[in-house]
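For reference, the structure discussed in these notes is given below.
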Protein chains: 2
Amino acid sequence: MFRVLEQADLPSRIADLVLRAIGDGLLRPGERVTEARLAEQMGTSRAPVREALRLLESQGLIVSHPRRGFFVKSYNADELLEIYDLRECLELHNAQAVIAKMTDDDFKRLEAQVELLKQLGAEGRTQEQVVEDYAFHRMLCEVGGNSRILKLFDQIATELRSGIALVGRIYDNPVEIAKTHDPIIEALRARDVIRLRDELHEHLQDATTHVVEIYRQWPASPAEDLPGYPLSPIQQQKAR
Amino acid sequence: MFRVLEQADLPSRIADLVLRAIGDGLLRPGERVTEARLAEQMGTSRAPVREALRLLESQGLIVSHPRRGFFVKSYNADELLEIYDLRECLELHNAQAVIAKMTDDDFKRLEAQVELLKQLGAEGRTQEQVVEDYAFHRMLCEVGGNSRILKLFDQIATELRSGIALVGRIYDNPVEIAKTHDPIIEALRARDVIRLRDELHEHLQDATTHVVEIYRQWPASPAEDLPGYPLSPIQQQKAR
DNA sequence: TCCGTGTCAATCGTCGACAATCGACGAACG
DNA sequence: CGTTCGTCGATTGTCGACGATTGACACGGA
């Protein structure tokens, strides 16, 4: 029996929509997400909505306070630093495996990906460049071969993407950014672990400081506020 | 208003019980976990049970197959290797931060913990030794200061503990194992990053090979089986 | 004997409803 | 005027029930 169109289950679809809503800035950090409202909007009952939110919670994009409800996670600079630190942890460790396992074919694909990055940068398509940038680093994790690390990277990536979406575009100079991948390619070509790690370290350090800088000058992070029930669902207010 | 005894919510309590059941070998890897049965045993409806299982799923201890149900995660040697690889990734990265941030007081507590390990080893209390061993490494992560990494470590620890429970006691020679922490303490005392990382690497490598060895000679890993519905809830059987 | 088909029981996914709990708001009190 | 207490609406946590889907099993044909 053919299953022509594998319909994703309800919770996943709902989670996708919420994710997109966050990414598009429709749901802002700290904002409340009410089960009933979402359920109504989706035309379902609360059960699958709940599952979707719990799924997103496990991925760090939603936080829940017992008996209070769900809220879009808002990040402060410290948290972003921790996430980037973790990312660096993964990527540097992964670098070793990459050098050990990389085939010539892998290398070619990585090289091609950087070319794509440059092209997108030159054309000013920063949106897509961000996506493809992550794709490049993801490819490295794939080559590394630890599915666990790959999964973690994916999780971090979505978190960073959504956490960064609200800050607006990251890349001041797309062309510049694309070029910073060149040394990584060179290290890969030379199969030099130490150099690869150094380059990745610098690369990620740059990204970190850049993002955090932007983040700092942002309107005093939305803070982890807990709106009370009877409030209009959008506004926020301090609690406790 | 005092809240003398903060009653944990239902899902968490259920998750705890399931976790304990897994740790005690009451629920074996690959075994099916039926919502209705668990709900009946807990005297609740299926809703909180579902939440508990999804929670454990997000922690990797339970896997779910859509429309099929929940099963206790069973690990094969490769997966264990990946987990240990990730753990090493975290701990080695964390080592740097430890050296940078460790106070004298931190060091004393770490030293004391190793003493405790030795004592437990000498007394043959291997069960507690395992727990305190994790506690030691957890302390390192605490000192490191990245809450994200700490959380991940905790997750990995529970996973490994439950995944290893079925294999029986790990430590052939508890006294020996306890001693292998000494070089780590020495590296910490000298505040030598490189040495610390080397020692941790060796330490974890030992643990890895040890566990995997035991794992290999185990009755051909329970495999990721998918029991069908009408089966007695305990037995397993291949599918597809 | 082997393979395809139909039936069946078990179980999950989803639903609507109810009770418990929370914060906000306003009144009473010092 | 500031603080405490009670009430209220909104929302979550939990429940029982129903339909949908799955794999196991029995049967029949090649």
Side-chain angles (χ1 to χ4, degrees), chain A residues 1-3 5-15 30-57 62-72 224-240, chain B residues 1-3 5-15 30-57 62-72 224-240:
Chain A
M1 179 69 125
F2 276 92
R3 181 155 317 201
L5 186 52
E6 182 78 29
Q7 272 282 30
D9 51 328
L10 225 30
S12 302
R13 275 189 289 172
I14 296 174
E31 188 168 336
R32 172 167 214 167
V33 181
T34 308
E35 297 178 10
R37 184 197 320 281
L38 236 174
E40 196 180 10
Q41 287 175 354
M42 311 299 296
T44 71
S45 81
R46 279 172 47 215
V49 170
R50 232 180 135 71
E51 296 228 14
L53 290 175
R54 285 262 127 89
L55 182 66
L56 292 174
E57 184 188 14
I62 294 282
V63 294
S64 80
H65 302 275
R67 295 261 171 215
R68 302 289 314 281
F70 296 88
F71 303 84
V72 179
E224 288 277 317
D225 293 337
L226 304 180
Y229 284 47
L231 283 176
S232 139
I234 295 176
Q235 56 185 309
Q236 299 175 16
Q237 175 173 338
K238 75 181 176 189
R240 298 225 160 203
Chain B
M1 179 68 128
F2 276 90
R3 181 156 314 204
L5 187 53
E6 182 79 30
Q7 271 282 31
D9 51 328
L10 225 31
S12 303
R13 276 189 287 173
I14 297 175
E31 188 167 336
R32 173 166 214 170
V33 181
T34 308
E35 297 178 10
R37 184 198 321 282
L38 237 175
E40 195 179 11
Q41 288 173 353
M42 312 297 298
T44 72
S45 81
R46 277 171 50 215
V49 170
R50 228 179 138 72
E51 295 228 15
L53 291 175
R54 284 260 126 89
L55 181 67
L56 292 174
E57 184 186 16
I62 293 282
V63 294
S64 79
H65 302 276
R67 295 254 169 222
R68 302 290 313 285
F70 296 88
F71 303 84
V72 179
E224 289 277 316
D225 292 337
L226 305 181
Y229 284 49
L231 283 175
S232 139
I234 296 177
Q235 57 185 309
Q236 299 176 14
Q237 176 172 339
K238 75 180 174 191
R240 300 226 156 201

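Throughout, a chain's letter reflects where its sequence line sits, starting with A, and its residues are numbered from 1. Quantities reported herein were computed from a predicted structural model and do not represent experimental measurements.
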(request) Compare side-chain N and O positions of B/R46 against OP1 and OP2 of D/dG16 and report whether any pair is under 4.0 Å apart. (result) no
(request) Select one nucleotide: of C/dT14, D/dG13, D/dG23, the one nearest the side-chain heavy atoms of A/R50. (result) D/dG13
(message) From CZ of A/R67 over to P of D/dA10, roughly how many Å is that when rounded to an integer?
(response) 18 Å
(request) Starting at atom CD of A/E40, determine the distance to atom P of D/dT12, rounded to an integer number of angstrom. (result) 13 Å
(request) Quick one: closest heavy-atom pair of B/L10 and B/P48, and the distance? (result) CB-CB, 4.1 Å
(request) Would you kindly give the CD1-to-C1' distance between A/I14 and C/dT14, to the nearest whole Å? (result) 10 Å
(message) Measure CG/B/D9 against P/C/dA20 and give the value in whole Å, please.
(response) 17 Å
(request) Grab the CZ-C1' distance between A/R68 and C/dA20 for me, whole Å please. (result) 15 Å
(request) Output the single nucleotide from C/dC22, C/dC15, D/dG16 whose closest atom is nearest the side chain of B/S45. (result) D/dG16
(request) Measure the distance from CZ on A/R13 to P on C/dG13 and round it to the nearest whole Å. (result) 14 Å
(message) If I compare all heavy atoms of A/E35 with all of A/L53, which pair ends up nearest, and what's the gap?
(response) CG-CD1, 4.3 Å
(message) In this structure, how many angstroms lie between the P atom of D/dG23 and the CZ atom of B/R32, rounded?
(response) 10 Å
(request) For residues B/R13 and B/A8, report the shortest heavy-atom separation together with the two atoms involved. (result) NE-O, 3.2 Å
(message) What contact category does B/E35 fall into here, base, sugar-phosphate, or nothing, at under 4.0 angstrom with non-hydrogen atoms?
(response) sugar-phosphate
(request) For B/M42 and D/dG13, give me the distance from atom CE to atom C1', rounded to whole Å. (result) 16 Å
(message) Given D/dT14, C/dC15, D/dG13, identify the nucleotide with an atom nearest to the side chain of B/P48.
(response) D/dT14
(request) Considering non-hydrogen atoms only, spot the tightest contact between B/L55 and B/A15 and give its length. (result) CD2-CB, 4.1 Å
